[in-house]
Amino acid sequence: MDLVALVALEEIRRLKHRYLRCVDQKLWDELADTLTPDATTDYGTPSAGAPLRFTGREEVVDFMRSNLGPEIITVHQAGQPEIDVDGDAAVGTWALRDIVIAPGHRVVIEGAAFYEDRYRRCADGGWRIAHTGYQRTYEATFSLDDMPSYRLTANRWA
Amino acid sequence: MDLVALVALEEIRRLKHRYLRCVDQKLWDELADTLTPDATTDYGTPSAGAPLRFTGREEVVDFMRSNLGPEIITVHQAGQPEIDVDGDAAVGTWALRDIVIAPGHRVVIEGAAFYEDRYRRCADGGWRIAHTGYQRTYEATFSLDDMPSYRLTANRWA
Amino acid sequence: MDLVALVALEEIRRLKHRYLRCVDQKLWDELADTLTPDATTDYGTPSAGAPLRFTGREEVVDFMRSNLGPEIITVHQAGQPEIDVDGDAAVGTWALRDIVIAPGHRVVIEGAAFYEDRYRRCADGGWRIAHTGYQRTYEATFSLDDMPSYRLTANRWA
């Protein structure tokens, strides 16, 4: 591994970190810039009834903008990257734990998954996500009605 | 990005990791060494009634020493750093998930946040935290009375 | 820190990430390759009645193969590495949060710990785990009977 390879690893990690932050901070325009124009996604989340597959940056971002509004709190925490770089292309796996809280419905969804991503270095020199998808290790849902003492003491979107 | 920049990223990440470990392991003297003498903090945790703002390494550490004793279990897990280095100064964001358990009160507090930190390379060559603060994505609290079967099977501080 | 040291840090992080993924994906043969032949472990998990100490790659992997079958969902999320490299040997701490779900018994075990690992660069040039162990910050268990609405909506092993 040489300096060029180390820098690519840093840049790709940061790209993924930025993607995850933009999702949870609902920064949809900035999120778009982390994806290639032809990016594809495959979120294997069965709670939505079927895997969520999208083609193209706009479709991905439109889905999130429409479905992850201020009525939904999301937290995506991913780490443990294993990234292989080959010139201007790269693949990587990440371990994810996520939690989604819908206070209005008093519902919590939580789970874990492994991402399998592809990255591409674009003409402007920046790495972007060309494909992101994951397979769930598990996903669970429960109602806050089972926890009558549960109180949200902070909600960035309320 | 050159070798010097890569090394700075490694050193700043390790600094933050050490800070987080010292908080959860209640190593207050070692924690002090992760902060500049004039470090400031701004923990936006509303459960304490107001944001927790401190000025100076001693004030920060004194607060933790006084409020995070053996009756409190804390777990801070932060990752997804996005760090910009500019000479001997740097800024960085991190994603946090944390859990606090107060067994004596049968209370759990958990949540997520994004840190916004500033770092400074000191005269001894070591990086230290000049400012750390976060904005909550959410914070929630509940009583273990809602989960009668809940048992602590290990507690480092008991 | 020079290029050689930076590369070692990348390789050791990736080794640990691979180890953690292999545990949660139940890839026992690949897991074996992350360990030195004489690797030792010391998982300080009191819920099993006593610390889990094993000697030798085969004993470690046999235990996992026998005890973490498809009836158990495990999620190990570790980060915040603090790694010191000295030639072909290294030591490192990591912060862990883990969750174990046994759907058949309707039991959840969750907790946090700090790993203290030793790594060794082997004759083939690859780093492997020579020792891994952790001390629990806390561990808790509860029954899903306390949460009647809890439903697994995905389980990779079902």
Side-chain angles (χ1 to χ4, degrees), chain A residues 1-10 12-13 17 43-51 76-85 92-100 105-116 134-150, chain C residues 1-11 13-27 30 34 70 72-81 94-103 106 108 110 125 142-158:
Chain A
M1 216 183 312
D2 59 8
L3 188 63
V4 171
L6 287 174
V7 170
L9 290 178
E10 288 286 357
I12 292 168
R13 280 195 292 253
H17 297 166
Y43 304 114
T45 296
S47 64
H76 291 79
Q77 198 163 32
Q80 298 163 218
E82 298 171 75
I83 297 169
D84 287 308
V85 179
T93 69
W94 295 74
L96 169 70
R97 279 185 79 171
D98 61 331
I99 182 165
V100 172
H105 294 91
R106 296 188 58 76
V107 165
V108 176
I109 302 168
E110 61 179 25
F114 284 95
Y115 280 105
E116 300 212 356
Y134 57 66
Q135 184 179 0
R136 284 276 179 204
T137 305
Y138 85 100
E139 188 186 79
T141 181
F142 60 91
S143 167
L144 291 174
D145 291 344
D146 287 347
M147 304 176 72
S149 68
Y150 189 98
Chain C
M1 217 184 311
D2 60 8
L3 189 62
V4 171
L6 287 174
V7 170
L9 290 179
E10 288 286 358
E11 290 177 344
R13 280 195 294 252
R14 180 161 181 169
L15 165 70
K16 180 77 173 182
H17 297 167
R18 188 171 160 232
Y19 164 89
L20 294 161
R21 179 176 51 77
C22 288
V23 171
D24 289 342
Q25 294 188 342
K26 307 185 190 299
L27 299 172
E30 188 179 346
T34 67
I72 303 276
I73 299 163
T74 66
V75 178
H76 291 79
Q77 198 163 30
Q80 298 164 217
W94 294 74
L96 169 70
R97 278 185 79 171
D98 61 332
I99 181 165
V100 173
I101 305 174
R106 296 186 59 74
V108 175
E110 61 180 24
F142 61 91
S143 167
L144 291 174
D145 291 345
D146 287 347
M147 304 176 70
S149 68
Y150 189 98
R151 294 286 177 278
L152 276 179
T153 49
N155 178 353
R156 186 168 177 157
W157 316 112

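So that the names make sense, note that chain A is the first sequence line, chain B the second, and so on, each numbered from 1.
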request  = Report the residues that fulfil ring-ring contact (aromatic ring centres under 6.0 Å, His included) with His17(C), sequence neighbours left out, ordered by chain and then residue number.
outcome  =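 Listed in chain order: Trp94(C).
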task = Counting only heavy atoms closer than 4.5 Å, note whether Ile73(C) contacts chain A via side chain, backbone, both or neither.
result =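 Just its side chain gets close to chain A.
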message = Taking side chain as everything from C-beta outward and backbone as N, CA, C, O, which of these in Leu144(C) sits under 4.5 Å from a heavy atom of chain A? Side chain, backbone, both or neither.
response =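 Neither part; nothing is under 4.5 Å.
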task = With rounding to the nearest 0.5 Å, note down the distance linking CD in Gln77(A) to CD in Gln77(C).
result =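 Going from the CD atom of Gln77(A) to the CD atom of Gln77(C) covers 5.5 Å.
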query = Between atom OG1 of Thr137(A) and atom CZ of Arg21(C), what is the distance when rounded to the nearest 0.5 Å?
reply =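 The OG1 atom of Thr137(A) sits 11.0 Å away from the CZ atom of Arg21(C).
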query = Tell me, do Tyr150(C) and Asp146(A) make a side-chain contact under 4.5 Å, heavy atoms counted?
reply =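 Tyr150(C) vs Asp146(A): side chains apart.
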message = Are Leu6(C) and Leu3(A) packed together at the side-chain level, in the sense that at least one heavy-atom pair is separated by less than 4.5 angstrom?
response =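 Of all side-chain heavy-atom pairs linking Leu3(A) with Leu6(C), none is under 4.5 Å.
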Arg13(A): salt bridge (charged side-chain N to carboxylate O under 4.0 Å, His left out) partners, not counting sequence neighbours =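 By the salt bridge (charged side-chain N to carboxylate O under 4.0 Å, His left out) rule, Arg13(A) matches Glu10(A), Glu10(C).
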Which atom of Ser143(A) lies closest to which atom of Ser149(C), heavy atoms considered =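 Looking at all heavy atoms of both residues, the closest pair is N-OG, 2.8 Å.
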Segment of Ile83(A) engaging chain C (4.5 angstrom heavy-atom cut-off) =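 Only the backbone of Ile83(A) comes within 4.5 Å of chain C.
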query = What part of Ala78(A) lies closer than 4.5 angstrom to a heavy atom of chain C: side chain, backbone, both or neither?
reply =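 For Ala78(A), the contact with chain C is made by the backbone alone.
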ask   = Side chain of Thr153(C), backbone of Glu139(A): donor and acceptor closer than 3.5 Å?
value =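 Yes; at least one donor-acceptor contact below 3.5 Å.
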message = Let's test your reading of the structure: which of Arg97(A), Met147(A), Gln80(A), Met1(A) forms the most heavy-atom pairs below 4.5 Å with chain C?
response =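 Max contact count across the listed options: Gln80(A).
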request  = Could you tell me whether Glu116(A) atom CD has more than 12 heavy atoms of other residues or ligands within 6.0 Å of it?
outcome  =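 For Glu116(A), atom CD is not crowded (no more than 12 foreign heavy atoms under 6.0 Å).
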message = Only pairs of heavy atoms separated by less than 4.5 Å count here; which of Lys16(C), Arg14(C), Gln25(C) has the most with chain A?
response =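 Top count of heavy-atom pairs under 4.5 Å with chain A: Arg14(C).
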